[in-house]
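Take a look at the structure below.
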There are 2 protein chains.
Amino acid sequence: MSVSSEPLRRHFPDGVFPSGCPSRVVLDHVTSKWGVLVLVALAEGEPLRWSELRRRADGVSEKMLAQTLRTLHSDGLVDRDARPVVPPHVEYSLTPLGRDLADRLVPLMDWVAANAAQIVGD
Amino acid sequence: MSVSSEPLRRHFPDGVFPSGCPSRVVLDHVTSKWGVLVLVALAEGEPLRWSELRRRADGVSEKMLAQTLRTLHSDGLVDRDARPVVPPHVEYSLTPLGRDLADRLVPLMDWVAANAAQIVGD
DNA sequence: CAGTATCCCATATGATACTG
DNA sequence: CAGTATCATATGGGATACTG
């Protein structure tokens, strides 16, 4: 079933992306080991705090979480809301742009979750 | 448009993926720097040869192309068809599983292509 | 709590040369 | 043409200690 009636889908005619173009940079941010995980964790919809993110992106070090969050924030994908209270209360959430991206990431993660055992020969 | 009427989407309730589970391994293969590019290059539909892949995954070294191809092949995502001629003629293509994955990768790449300039502040 | 600052290492990635 | 083999390097990533 689902025989492709379209033999060709010329999405990226001249090579997937020219090396060194902005798309490559963004792709690397987005597909970075922890970037995907953080984005998808936030894709649930509700803002998450630092400690929650550390738990949900299981295994992430403080250094990498900080670095990932900084990158995603400066890319305009993640919002950082720091409330001036003590102890500090900071919430991270997706920007509209980030949500848009996450919508494309989630199907990928679903696929991985569904097929990983088969692939890796669990 | 496309206002989310669903506040929560509990795709990955207990943390995106447990650290060390098969999904993490597959995710790393699939989102590896060159893995994505090779998969998407092959997503066009027609089989590609080594040299074509090198051109389309612009910037990839021979070592990394070989390694990426080996991983994707052993994951059952990419087929390798070597014809016993001289000079050698080898074609790579997606397996059904690989095509299924690529279908989820392409929308992501399209998004990246569409938004990269804005994000990186070209 | 939410980070930053350091030190350190594995390995992902790269450049080059060589081969069936 | 389609790789493999080597050598070298950058940096992604981790552990630990410290701080506003």
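Every chain is numbered from 1 and lettered A, B, ... according to where its sequence line falls, protein lines coming before strand lines. In what follows, every heavy atom counts, from backbone to side chain, and hydrogens, waters and symmetry copies are set aside.
- The phosphate of dC1(C) has neither OP1 nor OP2 within less than 4.0 Å of any side-chain N or O from Arg49(A).
- When the nucleotides dA2(D), dA2(C), dC1(C) are ranked by their closest atom to the side chain of Ser51(A), dA2(C) comes out on top.
- The nucleotide whose nearest atom lies closest to any side-chain atom of Arg80(B) is, among dA17(C), dG14(C), dA2(D), dA2(D).
- The listed nucleotides are dG14(D), dC1(C), dT16(D); the one nearest the side chain of Pro88(A) is dC1(C).
- Considering only side-chain N and O atoms, Tyr92(A) lies nowhere under 4.0 angstrom from the phosphate OP1 or OP2 of dC1(C).
- Here Asp100(B) pairs with Arg104(B) in a salt bridge; the nearest charged N to carboxylate O distance falls below 4.0 Å.
- Of all heavy-atom pairs between Ala102(A) and Leu39(A), the closest is CB-O, 4.3 Å.
- Computed from coordinates, the Glu62(A) CD to dA2(C) P distance equals 11 Å when rounded to whole Å.
- The shortest distance between the side-chain N/O atoms of Lys63(B) and the OP1/OP2 oxygens of dC18(C) is not below 4.0 Å.
- You'll find that the side chain of Pro87(A) is closest to dC1(C), out of dC1(C), dG3(D), dG3(C).
- Checked for salt-bridge contact, Glu91(B) and Arg83(B) meet the test: a charged N lies under 4.0 Å from a carboxylate O.
- Residue Arg70(A) places at least one side-chain N or O under 4.0 Å from the OP1 or OP2 atom of dT4(C).
- The side chain of Trp34(B) lies closest to dT13(C) when the candidates are dT4(D), dT4(C), dT13(C).
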